[in-house]
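Comments concern the structure below.
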Amino acid sequence: MTEEEVALVEMKVLLTCFLKELRESQAVSQTELAKMIGSSQSRVAKMEAGDPSVSTDLLLRGVLALGASRKDIGKVLGSRKAA
């Protein structure tokens with residue numbers, strides 16, 4: 001993988017973890033989040049599982065729907081703590 005590809009994968013992992021953390025901390029169900037973003041519960045489950053078919057755009061929509069700011073997202077992406 002190129003450096004750019006590695007960076008993209010790391011960012012998706014960070015967004016995936018952030019999404020699940022936000023959703024759980026707010027006691028929002030996967031079904032509720034799905035309604036918020038116009039998707040399905042199964043798609044939200046795939047988002048949280050890091051399914052490669054999930055777009056970065058959808059992850060960002062989910063995080064924003066849960067109230068994260070651009071600054072919050074920047075902090076998460078800048079943390080480089082992808083596991």
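It should be emphasised that the depicted structure is a prediction, and the values quoted were computed from it without experimental measurement. The figures that follow rest on heavy atoms only: side chains count, while hydrogens, waters and symmetry mates do not.
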Closest heavy-atom pair, V63 versus L19, reported as atoms and distance to 0.1 Å, is N-CD1, 3.7 Å
Give, for atom [atom1] of [X] and atom [atom2] of [Y], the distance between the pair rounded to the nearest 0.5 Å.
X	Y	atom1	atom2	answer
F18	E48	CZ	CD	13.0 Å
L22	C17	CG	SG	11.5 Å
Q26	L33	CD	CG	9.5 Å
K46	L58	NZ	CG	11.5 Å
E10	E3	CD	CD	10.0 Å

Is it the case that atom NZ in K35 sees more than 12 heavy atoms from other parts of the structure closer than 6.0 Å?
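Counting neighbours around NZ of K35, 12 or fewer heavy atoms of other residues, nucleotides or ligands fall under 6.0 Å, so no.
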Using the test side chain to side chain donor-acceptor pair (under 3.5 Å), find all partners of [X] that sit at least two apart in sequence or belong to another chain.
X	answer
S69	D72
R61	none
S40	S42
Q41	Q30

Got [X] and [Y] here, is their nearest side-chain heavy-atom distance under 4.5 Å?
X	Y	answer
R23	E32	no
M36	V28	yes
I37	M47	yes

Sequence neighbours excluded, the answer for salt bridge (Lys or Arg N to Asp or Glu O under 4.0 Å) partners of R43 is none
I'd like to check the side-chain contact (heavy atoms from CB on, under 4.5 Å) partners of [X]; sequence neighbours left out, ordered by chain and number.
X	result
E24	K20
E5	M1, T2
T16	L59
L60	L15, T56, I73

